[in-house]
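All values below come from the heavy atoms of this structure, side chains included, with hydrogens, waters and symmetry mates left out. Atoms within a ligand are numbered from 1 in the order they appear, just like the ligands themselves. For clarity, every value in this text was computed on a predicted model and none was experimentally measured.
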Amino acid sequence: MAALDGKELILGVTGSIAAYKAVYLLRELTGLGARVTVCLTEHAREFVGPLTFRTLSGRPVLSNLFDPQSPDAVEHVALAERAHAVVVAPATANLLAKAAHGIADDFLTTVLLAARGQVLIAPAMDGGMWDHAAVRANVALLRERGVTVLEPEAGALASGLSGKGRLPDVEAIVEALLGVLTPQRDLAGERILVTAGPTREPIDPVRYISNRSSGKMGYGIARAALRRGADVTLVSGPTALTPPAGAVFVPVQTAEEMREAVLQHAPGASIVIKAAAVADWRPKHAANTKIKTKQDLTIELTPNPDILAEVAARRTGAFIVGFAAETNEVAANAKAKLKAKGIDVLVVNDVSQAGIGFDADDNEVLLLDRWGGEHGLPRMSKAAVADAILSHLLAVRAAVRGDRIKR
Ligand code: CTP
């Protein structure tokens, strides 16, 4: 079952340059099983047209209160009352002000007044607006009333300025929504060590060997585990992702550094999940100075230590989970790998398929366990796969502990 199955949501979009990101958010929410009605302000329509939202949500887009094609006043109040949550992303300073003061002069602000479910607001604004006393006061008022207002992220802004005002990542918005809607705490008390991303193996001070891993799968697992109550340590190679709030974050570059971090944090972990794509080889001798070009170059490579096999061999008592990327004879190769590495569960990606696995937003995996169990998951977003993997791990571990499957 997907995390948002059966949930009725309203996604409000306001007139910010970040409005296009609401398209990705909508895709993620529907991918998690939610039924979503999109509500655009007049200004939002200037940035992204309703057709995109209508196509992706499969529902009419609401915008003008007095539009004869929109449901009448009674119906929109009913819609707001029915919704489990109203999510506004991106929300401008203007929307925050109206929401804080109960102004209902368009469809979205009227929905916010009528809403009975959770309200989650993800602001995006320019310059120093977020720090303005008026905005601070409006945010404080909304939070006092139980509205979840996310912190914008710091970084480059559309105006060319830099500051705190960027819309939080789609993944962070989804996690926050899942947190308020489905406060599942089945991982409370667990200490989960997750590795993610690629490693970089230096050739010289400016060049390296790496791979196409984005880190999305491992970060998704870390976020889901945090939401479900676990203490999470995330050991990550270089990625473009924002570390999940609440995790102990250990950034590394090379496989050697990842090995050290993993061996340091593995004792004490109840579950170790190695989603990282560790570079299999590293240059035997990295040059101390930049190698000159215009000539052939031979780089001698040496294998990196197999961190996963090493952690498994140490028998720290943790439930050990590895990932495998396979292109051919997927099941047979994966079974051999599960055995060779001496781990409990192997999550297998068929990376020969387009649109899933490496550097993609979706994934479709097969879970093999050392007791002979095989469990396929359908193609879904990496956030949804992360939740399903964690649920499956708990089920397998409980079955082993309860002697329902033979050790
Ligand atoms: N792994 C690791 N250390 C390495 C290589 C891989 O810990 N030096 C872990 C990865 O984090 C992943 C799992 O091993 O959980 C599977 O990696 P895979 O892509 O199958 O690579 P290999 O084990 O090297 O196997 P292959 O020969 O098929 O590449």
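- The side-chain heavy atoms of L187 and L226, taken from C-beta on, include no pair separated by under 4.5 Å.
- Taking the side chain as every heavy atom from C-beta outward, P283 and I209 approach each other to under 4.5 Å.
- Ring pair W371/F319 is parallel by interplanar angle, where below 30° counts as parallel and above 60° as perpendicular.
- Salt-bridge formation is detected for the pair R59/E8: a Lys NZ or Arg NE/NH1/NH2 atom is positioned less than 4.0 Å from an Asp or Glu carboxylate oxygen.
- With contacts defined as side-chain heavy-atom distances shorter than 4.5 Å, the pair L108/L40 does not qualify.
- Listed by chain and residue number, the protein contacts of ligand 1 are K274, A276, V278, D280, P305, D306, I307, L308, G322, F323, A324, A325, K337, K341 (heavy atom within 4.0 angstrom).
- Salt-bridge check for D169 with K21: failed, with every basic side-chain N at 4.0 Å or more from each acidic carboxylate O.
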